[in-house]
Amino acid sequence: KAGVTQTPRYLIKTRGQQVTLSCSPISGHRSVSWYQQTPGQGLQFLFEYFSETQRNKGNFPGRFSGRQFSNSRSEMNVSTLELGDSALYLCASSASSGGRNEQFFGPGTRLTVL
Amino acid sequence: AQSVAQPEDQVNVAEGNPLTVKCTYSVSGNPYLFWYVQYPNRGLQFLLKYITGDNLVKGSYGFEAEFNKSQTSFHLKKPSALVSDSALYFCAVRDVSGNNRLAFGKGNQVVVIP
């Protein structure tokens, strides 16, 4: 099976712009979670989607949003970008939500905000 | 709220020596525990998990971890470290509440010295 794929791998934006990141989960996986990784804050949970519904949301401002499509692919959007949004954004997929399955991570999208 | 502590920033070990990376957790109820490894410019790679059953869990690449409920610990171990094991290691926990929200530790940089 192909792994989790994320596009694009690298992005450079300027403050105030918005950005959309995409994640394709492993075939058959219905849960997609997003995490932000920064040197200062480490890995932080953004949100999880399962069967097109948001299951859980982390402590991030409303500028961070997401959605999931019927084929389980997910997108994450960040509006009005700030310098502090520069980070590696990781997507993870799992066969179920809340079960015993582990999550498999994609390679990430490196976002740089100038 | 669930949380993980990885007390050491960096673990240095000579090649061929045993490797231990420490992790303690806090969660309400029973935990699901995971170890992931991250190589430079890559996503997280799953190593092993504890869900229930035997306290000693065996995973990929010769790694194992021991669950200790009384000490709320889940230390990662490898009997004989390789130079290629040099990477960033993350411990993560989630509760059994029914979603995939993972709480990660800050990570431990492991350096295996030839």
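Quick note on labels: first sequence line is chain A, next is B, and so on, each numbered from 1.
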Counting a contact as any heavy-atom pair under 4.5 Å apart, which residues of residues 4-30 of chain A contact chain B?
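Against chain B, the residues of residues 4-30 of chain A that fall inside the cut-off (heavy atoms, under 4.5 Å) are A:Arg9.
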Which atoms of [X] approach chain B - backbone, side chain, both or neither, heavy atom under 4.5 Å:
| X | result |
| --- | --- |
| A:Leu88 | side chain |
| A:Gln44 | neither |
| A:Tyr35 | side chain |
| A:Leu43 | both |

Salt bridge or not for B:Lys58 and B:Glu64, using N-O below 4.0 Å?
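Result for this pair is yes, salt bridge flagged.
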Atom pair [atom1] ([X]) and [atom2] ([Y]), whose distance is rounded to the nearest 0.5 Å:
| X | Y | atom1 | atom2 | answer |
| --- | --- | --- | --- | --- |
| A:Phe50 | B:Asn100 | CZ | CG | 8.5 Å |
| A:Trp34 | A:Ser65 | CH2 | OG | 11.0 Å |
| B:Cys91 | B:Phe34 | SG | CZ | 10.0 Å |
| A:Ser72 | A:Tyr49 | OG | OH | 13.5 Å |
| A:Ser31 | A:Gln103 | OG | CD | 6.0 Å |

Looking at B:Arg42, B:Gln45, B:Lys49, which makes the most heavy-atom pairs under 4.5 Å with chain A?
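Most pairs with chain A among the choices: B:Lys49.
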So for [X], is it side chain, backbone, both, or neither that comes closer than 4.5 Å to the heavy atoms of chain A?
| X | answer |
| --- | --- |
| B:Arg101 | both |
| B:Leu44 | both |
| B:Gln38 | side chain |
| B:Lys106 | neither |

Give a yes or no on this: more than 12 heavy atoms of other residues, nucleotides or ligands lie within 6.0 Å of atom OH of B:Tyr61.
no
Pair B:Tyr32, A:Glu102 - check side chain to side chain contact (heavy atoms under 4.5 Å, CB included), show working.
CA-CA 9 Å; B:Tyr32 288 166; A:Glu102 61 272 24; over 6 Å; no
Indicate the ring-plane relationship of B:Tyr36 and A:Phe105, choosing parallel, tilted or perpendicular according to the 30° and 60° boundaries.
perpendicular
cation_pi(B:Lys78, B:Phe63) dist<6.0 Å, angle<=45
yes
